[in-house]
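Step one of this worksheet: look at the structure below.
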Amino acid sequence: MRSQLLTARRRLVLELVANGYTSTQIGRRLGIHRNTVDRHLAEIFRVLGARDRANAVAIALAVGELDTHQIHIPDQQREAAA
């Protein structure tokens, strides 16, 4: 069962962060301003006790806010890791 530390919108922002999107790209994708994305990130960091994006993703995976299947690895990286 998924924990409920984050709102659905903040979880979506974090999922996009986990997939390598910048704040500007996330804003465009969600139809919101980059500053709004950054405010969501600040709240995500606060709620999770994270210090940066990578730490937030790691904590979110550990506590069940994100699942590994939500992180998409580009084929080139997948092949290089094999």
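Annotation: the span from L5 atom CG to E43 atom CD amounts to 11.0 Å, rounded to 0.5 Å. Rounded to the nearest 0.5 Å, atoms OG1 (T22) and CG (L16) are 10.0 Å apart. Note that CD1 of I59 is 11.0 Å distant from CD of E65, once rounded to the nearest 0.5 Å.
The stretch residues 13-29 participates, sequence neighbours left out, in no salt bridge (Lys or Arg N to Asp or Glu O under 4.0 Å) pair at all.
When atom types are taken as modelled, the side chain of D67 and the backbone of H69 share no donor-acceptor pair closer than 3.5 angstrom. Looking only at distances, no side-chain donor or acceptor of R10 sits under 3.5 Å from a matching main-chain atom of I44.
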- request: Assess whether side-chain contact (heavy atoms from CB on, under 4.5 Å) is satisfied between I32 and R9, documenting all intermediate values.
  value: CA-CA 11 Å; I32 59 178; R9 184 63 149 196; 3.4 Å; yes
message: Using the rule given for side-chain contact (heavy atoms from CB on, under 4.5 Å), can you reason through R11 versus Q4, listing the C-alpha separation, both sets of side-chain angles and the distance that settles it, and then say yes or no?
response: CA-CA 10 Å; R11 197 173 299 108; Q4 295 297 315; 3.6 Å; yes
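By the side chain to side chain contact (heavy atoms under 4.5 Å, CB included) test, R34 pairs with S23, T24, D38, sequence neighbours left out.
Of the candidates L61, N19, L48, L48 is the only one forming a side chain to side chain contact (heavy atoms under 4.5 Å, CB included) with L14.
Taking both residues in full, the closest heavy atoms of I26 and V13 are given as CD1-O, 4.0 Å, listed atom of the first, atom of the second, then distance. Heavy atoms only, all atoms of each residue included: A18 and L66 are closest at CB-CD1, 4.1 Å.
Surrounding CZ of F45 are more than 12 heavy atoms belonging to other residues, nucleotides or ligands, all under 6.0 Å away.
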